[in-house]
Amino acid sequence: MQEERMQEETYPFVVRPLPYEYDALSPVLDEETLTFHHDKHYKTYVDNLNSVLSDYPELQKKSLKQLLTSIETLPAAIQAPVRNNGGGVYNHELYFDGMKSPVGQEPAGSLAEAINRDFGSYRQWKEQMKQAAVGKFGSGWAWLVTDKDGKLSIVQTANQDVPDLDDYVPIFLVDVWEHAYYLQYQNRRADYVEGWFNLINWRKAARRYEEGFCKLNNM
Ligand code: MN3
């Protein structure tokens, strides 16, 4: 489930299987936590988005990204449901796709260079990313995104909101809704976030960074 594919997909949206086994992220995320998150929470967003769009044939040809970047042009009655459920689909697919089993991988290539350039060092970047994730009040997400100059930023969004997808390409994101970690970590969000750093799929992240730069520059 590459971002490209997600963006081309149209109604009816399908539940994408995880790109790994349900126990692959253990011990950082155990099988029960991941199963509930994927099979219940994420699936509900997919089902709800399809249900919202079922009465609007003219919107069924729009990709997820097209829907999310044109919310204010949609019929008023479905703006909030598309924003919440469409965002829920987009965010969870990127989140699940951006992780891998917690075994040695580190930032490499041009993404590693960009992290050093824009944040000073990996350690400093990690501190800021952690602060954004742990410090997000209530439910939401912390993201690493690139702009068209290849400059990286850390962004927080509330609920299931997405960053401005016309100007930024997401590299990866971390879910800080309680449903992402509560079964295993209860209220210890900081422990979950610390573990999540070991799940980052840096190989995919590097590819997203390079592809994102090209996409934003129409290359
Ligand atoms: Mn979630």
Side-chain angles (χ1 to χ4, degrees), residues 1-3 5-7 9 13-52 64-65 67-68 71 80-102 129-145 154-163 165 168-201 204-205 208:
M1 62 194 184
Q2 296 306 309
E3 201 208 358
R5 203 163 131 196
M6 286 164 48
Q7 293 188 357
E9 262 173 30
F13 295 95
V14 298
V15 173
R16 296 244 155 254
L18 290 173
Y20 35 73
E21 299 298 322
Y22 285 92
D23 61 359
L25 306 185
S26 178
V28 176
L29 288 176
D30 63 26
E31 185 171 352
E32 187 189 24
T33 300
L34 196 58
T35 302
F36 267 90
H37 200 181
H38 180 275
D39 292 7
K40 305 290 183 194
H41 293 281
Y42 158 57
K43 180 179 185 298
T44 300
Y45 291 112
V46 176
D47 292 345
N48 287 346
L49 179 62
N50 287 331
S51 160
V52 170
L64 194 49
K65 186 186 168 192
L67 288 166
L68 292 172
I71 297 279
V82 169
R83 180 174 169 177
N84 293 334
N85 293 292
V89 174
Y90 186 90
N91 296 352
H92 283 93
E93 291 186 355
L94 264 180
Y95 170 70
F96 292 130
D97 195 46
M99 296 189 285
K100 53 137 194 72
S101 59
M129 188 77 196
K130 190 170 177 178
Q131 183 52 43
V134 176
K136 174 77 198 78
F137 182 78
S139 296
W141 301 78
W143 308 64
L144 181 69
V145 301
I154 293 168
V155 175
Q156 288 176 326
T157 61
N159 304 315
Q160 295 298 351
D161 288 353
V162 297
L165 298 175
Y168 298 95
V169 167
I171 309 299
F172 52 64
L173 72 175
V174 56
D175 190 342
V176 294
W177 282 59
E178 282 187 345
H179 71 225
Y181 60 86
Y182 206 86
L183 282 176
Q184 188 178 348
Y185 292 89
Q186 293 79 47
N187 62 328
R188 301 188 308 279
R189 186 193 283 190
D191 292 349
Y192 154 69
V193 171
E194 183 62 38
W196 168 80
F197 283 98
N198 297 311
L199 301 178
I200 297 170
N201 189 326
K204 274 190 188 169
R208 273 213 189 98

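Both ligands and their constituent atoms are indexed starting at 1 by order of listing.
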Participant: Search all heavy atoms of Val52 against all heavy atoms of Val82 and return the closest pair with its distance.
Facilitator: CG1-CG2, 3.9 Å
Participant: Between Asp30 and Gln184, what is the shortest heavy-atom contact and its length?
Facilitator: N-OE1, 2.7 Å
Participant: What's the count of protein N, O or S atoms under 2.8 Å from the Mn ion (ligand 1)?
Facilitator: 4
Participant: Can you establish whether the number of heavy atoms outside Tyr168 located under 6.0 Å from its atom OH is more than 12?
Facilitator: no
Participant: Does the separation of the ring centres of Trp141 and Tyr95 fall below 6.0 angstrom?
Facilitator: yes
Participant: Checking side chain to side chain donor-acceptor pair (under 3.5 Å) between Tyr42 and each of His37, Glu93, Arg16, which is the one that passes?
Facilitator: Glu93
Participant: Looking only at non-hydrogen atoms, find the nearest pair between Val145 and Pro170 and report the distance.
Facilitator: CG1-CA, 4.0 Å
